[in-house]
Every structure is written in C-alpha cells, then in structure tokens.
Trainee: 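Sharing a structure with you now.
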Amino acid sequence: MKLKVCGMRHLNNIQDLVTKVYPDWMGLIFYPKSSRYVPEELAESISQIQVRKVGVFVDSNFAEIKSRIKSFGLSTVQLHGGETVDFVKQIKEETGVEVFKVFSVKQQLDWSKMEDYVSNVDYFLFDTFTTAHGGSGKTFDWNLLKEYPFTKPFLLSGGLDNTHMERLLELHSQIPQMVGLDINSKYEVSPALKDIEKVYELKSRISN
Ligand SMILES: O=C(O)c1ccccc1N[C@@H]1O[C@H](COP(=O)(O)O)[C@@H](O)[C@H]1O
C-alpha cells in the first residue's frame, strides 16, 4: 500500500523522513488555523527536498493554491474543505497537479455527492469529520467503505496508528480501490514533528 505522511514542518525531521522512509507523499498543511501550519518562509528550504509534496488546503482560493504550488514545488494538492466540482476542475486543468479530494465522514457516506468529482480527481481521501477540518486523531466506521462504488482509487486517513495495521491490511484485501494510508497526529512527538522510527515500522508492514 502507498503511504502519505502528513503534517510535516521541521527541516531535519523532513530530511530524516525522506532518508529513512521515503513515503509516496509528504503532506504540508496550509490551513492557517492548524497547529501544523507551514509558513511561506519555509518554502525555499522545503522545496529543495526530493519527495512528492502534497499541499493541504481548506477552502483556499485559486491564487493562493497556485502560489504555494510554485513556491513549495508541490506535486499534489489535497482539497480538504467544501471545494466545488468546478473549483476542483479548475485546479486540475489550470495547474496540472495531482488532486486529492477529501470527504469527511460522519455516520454515513452519501456516494451520490462524490459522483461528479470522479473525473476531476486522481484520488479520493476519506477522513473523520471534525469541526477543525482535519488532524482530529479520530477514526470513523471503516465498514462504510465496503460499499465504495467507484473504480477511482482512494486513501484512508483519520487517527490511523500502528495498532490498526492488521485491520487495515484486511480492509485493503477486501477493497482494492483502497490503495493507501494517510497518517498524521498519531505519529507525532509534538505538532508537526513526527516519530520517524514509528513511521518506519508502519512502512515496513504495509509495503508490498
Ligand atoms: O492536520 C491538520 O492540522 C489538518 C488541518 C486541516 C485539514 C487537514 C488536516 N490534516 C489532515 O487530517 C487527516 C487526518 O489526520 P489525523 O491522522 O486524524 O491526525 C490527514 O489527511 C491530514 O492530511
């Protein structure tokens, strides 16, 4: 399975992650209210690191996203708010980056709301609903994903931890569209600082 390690900020920690784990994607949070927010001053140093970088945005405007793609050298944009299909389409067509569209899960999943996004995204991403938009450290009922009706691949996130791995590997074998995991707060020593040994342990268990 693929791995995205989200909420990185400290340069030494990023270098350590890339050298020891080399995840498929590394996430940078550009939501100003997050404790993992990455300021523009870090663009020059982070942009030079060779890894696929995902910018995480919550209802940011097109100009801001475009500017961060350029300054941080983002390969991917993760849209974690209420972005419309037209907006997602504009990002895809005018910037050419890879796009993850997030759907936040409460008790139910309304697949019909996702239909129009299918042709405009590269991956869907499911996270647990929280008023803070993300980084809650909470899981949702993964059984809901067994009814996933699309061929579009997706990543799972929301409070994932090494203790969940057996269940997640089983879920992956039942749902082939679930191609990857997105980890964040459960791997932190403090906001935006990850325990790289713990991430490495996960990576060795899910690599195939
Ligand atoms: O991490 C944040 O602070 C954050 C803020 C706003 C939007 C998304 C955010 N993070 C995303 O949240 C999920 C799950 O994180 P966790 O494992 O529950 O801590 C992950 O996709 C991050 O990209």
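Counting starts at 1 for both ligands and their atoms, following the listed order. Everything quoted here is computed from the prediction, not taken from an experiment. Any value given below was found using the heavy atoms of this structure, including those in side chains, with hydrogens, waters and symmetry copies removed.
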Trainee: Answer side chain, backbone, both or neither: which part of V58 comes under 4.0 Å from ligand 1, heavy atoms only.
Mentor: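 V58 to ligand 1: side-chain contact only, backbone stays beyond 4.0 Å.
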
Trainee: Decide yes or no on side-chain contact (heavy atoms from CB on, under 4.5 Å) for F126 and M178, but give the supporting numbers first.
Mentor: CA-CA 10 Å; F126 294 103; M178 186 180 121; over 6 Å; no

Trainee: Hey, which atoms in ligand 1 end up nearer than 4.0 Å to a heavy atom of K4?
Mentor: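 So the answer, numbered in order with elements, is 23 (O).
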
Trainee: Ignoring angles and geometry beyond distance, decide whether N184 reaches within less than 3.5 Å of ligand 1 through its nitrogen or oxygen atoms.
Mentor: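 N184 vs ligand 1: N/O contact under 3.5 Å present.
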
Trainee: Give the residue and atom name of whichever protein heavy atom lies nearest to atom 23 (O) of ligand 1, and the separation in Å to one decimal.
Mentor: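 Result for atom 23 (O) of ligand 1: C6 SG, 2.9 Å.
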
Trainee: Restricting to salt bridge (charged side-chain N to carboxylate O under 4.0 Å, His left out), what partner residues turn up for K198, sequence neighbours left out?
Mentor: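 D161.
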
Trainee: Ring centres of F140 and F129 under 6.0 Å apart?
Mentor: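 Ring centres of F129 and F140 not closer than 6.0 Å.
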
Trainee: Residues two or more places apart in sequence or in another chain: which of them pass side-chain hydrogen bond (donor to acceptor under 3.5 Å, both in side chains) with R68?
Mentor: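 Y37, E40, E64.
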
Trainee: Of all the atoms in ligand 1, which lie at a distance below 4.0 Å from a heavy atom belonging to I29?
Mentor: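 In order of numbering, the contacting atoms are 1 (O), 2 (C), 4 (C), 9 (C), 10 (N).
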
Trainee: Please tell me whether Y31 and H133 form a close aromatic pair, meaning their ring centres lie under 6.0 Å apart.
Mentor: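 Between H133 and Y31, which both carry aromatic rings, the centre distance is below 6.0 Å.
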
Trainee: Can you find a non-hydrogen atom of S136 under 4.0 Å from ligand 1?
Mentor: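 The answer is yes, since S136 has a heavy atom less than 4.0 Å from ligand 1.
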
Trainee: Is a side-chain donor or acceptor of T128 paired with a backbone partner of K138 at a separation under 3.5 angstrom?
Mentor: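 Such a contact is found between T128 side chain and K138 backbone.
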
Trainee: Identify which of G7, A132, G27, S34 has a heavy atom lying nearest to atom 3 (O) of ligand 1.
Mentor: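 Going through G7, A132, G27, S34 one by one, S34 has the nearest heavy atom to atom 3 (O) of ligand 1.
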
Trainee: Check ligand 1 against D127 and write out every atom of the ligand that is under 4.0 Å from a heavy-atom position of the residue.
Mentor: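 Those qualifying, in numeric order: 12 (O), 13 (C), 14 (C).
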
Trainee: What atoms in ligand 1 come closer than 4.0 Å to a heavy atom of Q78?
Mentor: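 The list of qualifying atoms is 21 (O), 23 (O).
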
Trainee: Can you see whether N184 engages K194 through a side-chain donor-acceptor pair at a distance of less than 3.5 angstrom?
Mentor: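 There is such a pair between these side chains.
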
Trainee: For G135, is at least one N or O under 3.5 Å away from an N or O on ligand 1?
Mentor: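 The answer is yes, given that G135 and ligand 1 share an N or O pair closer than 3.5 Å.
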
Trainee: Does the cation-pi check pass for K101 over F103, that is, NZ or CZ under 6.0 Å from the six-membered ring centre and within 45° of its axis?
Mentor: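 Output yes; distance and angle both within limits.
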
Trainee: For H80, take its heavy atoms, then give the atoms of ligand 1 lying under 4.0 Å from any of them.
Mentor: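 It comes down to these atoms of ligand 1: 7 (C), 8 (C), 11 (C), 12 (O), 21 (O).
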
Trainee: Consider only side-chain heavy atoms of I, L, V, M, F, W and Y, link residues closer than 4.5 Å, and tell whether L125 and Y123 are in one cluster.
Mentor: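 Linked within one cluster.
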
Trainee: Does K186 reach ligand 1, in the sense of a heavy atom lying below 4.0 Å from it?
Mentor: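 Not so, K186 does not reach ligand 1.
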
Trainee: To the nearest 0.5 Å, what is the distance between CG (L168) and CG (N162)?
Mentor: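 L168 atom CG to N162 atom CG measures 10.0 Å (nearest 0.5 Å).
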
Trainee: Before we go on, tell me: are the rings of Y117 and F124 under 6.0 Å apart, centre to centre?
Mentor: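 Here the rings of F124 and Y117 have centres that are no less than 6.0 Å from each other.
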
Trainee: Can you tell me the protein heavy atom closest to atom 21 (O) of ligand 1 and the distance?
Mentor: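 Ranked first by proximity to atom 21 (O) of ligand 1 is D182 OD2, 2.4 Å.
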
Trainee: Where is the nearest protein heavy atom to atom 2 (C) of ligand 1: which residue, which atom, and how far?
Mentor: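 For this ligand atom, the closest protein heavy atom is R36 NH1, 3.2 Å.
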
Trainee: Evaluating non-hydrogen atoms only, which member of F100, F126, Y31, W25 is closest to atom 6 (C) of ligand 1?
Mentor: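 Ranked by closest heavy atom to atom 6 (C) of ligand 1, first place is Y31.
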
Trainee: Any atoms of ligand 1 less than 4.0 Å from a non-hydrogen atom of G137? List them with their elements.
Mentor: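 With G137 as reference, the close atoms of ligand 1 come out as 16 (P), 18 (O), 19 (O).
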
Trainee: Identify the closest protein heavy atom to atom 19 (O) of ligand 1: which residue and atom is it, and at what distance?
Mentor: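 Ranking protein heavy atoms by distance from atom 19 (O) of ligand 1, first comes S185 OG, 2.5 Å.
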
Trainee: What atoms of ligand 1 come closer than 4.0 angstrom to any heavy atom of G159?
Mentor: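 Listed by number with element, the hits are 16 (P), 17 (O), 18 (O).
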
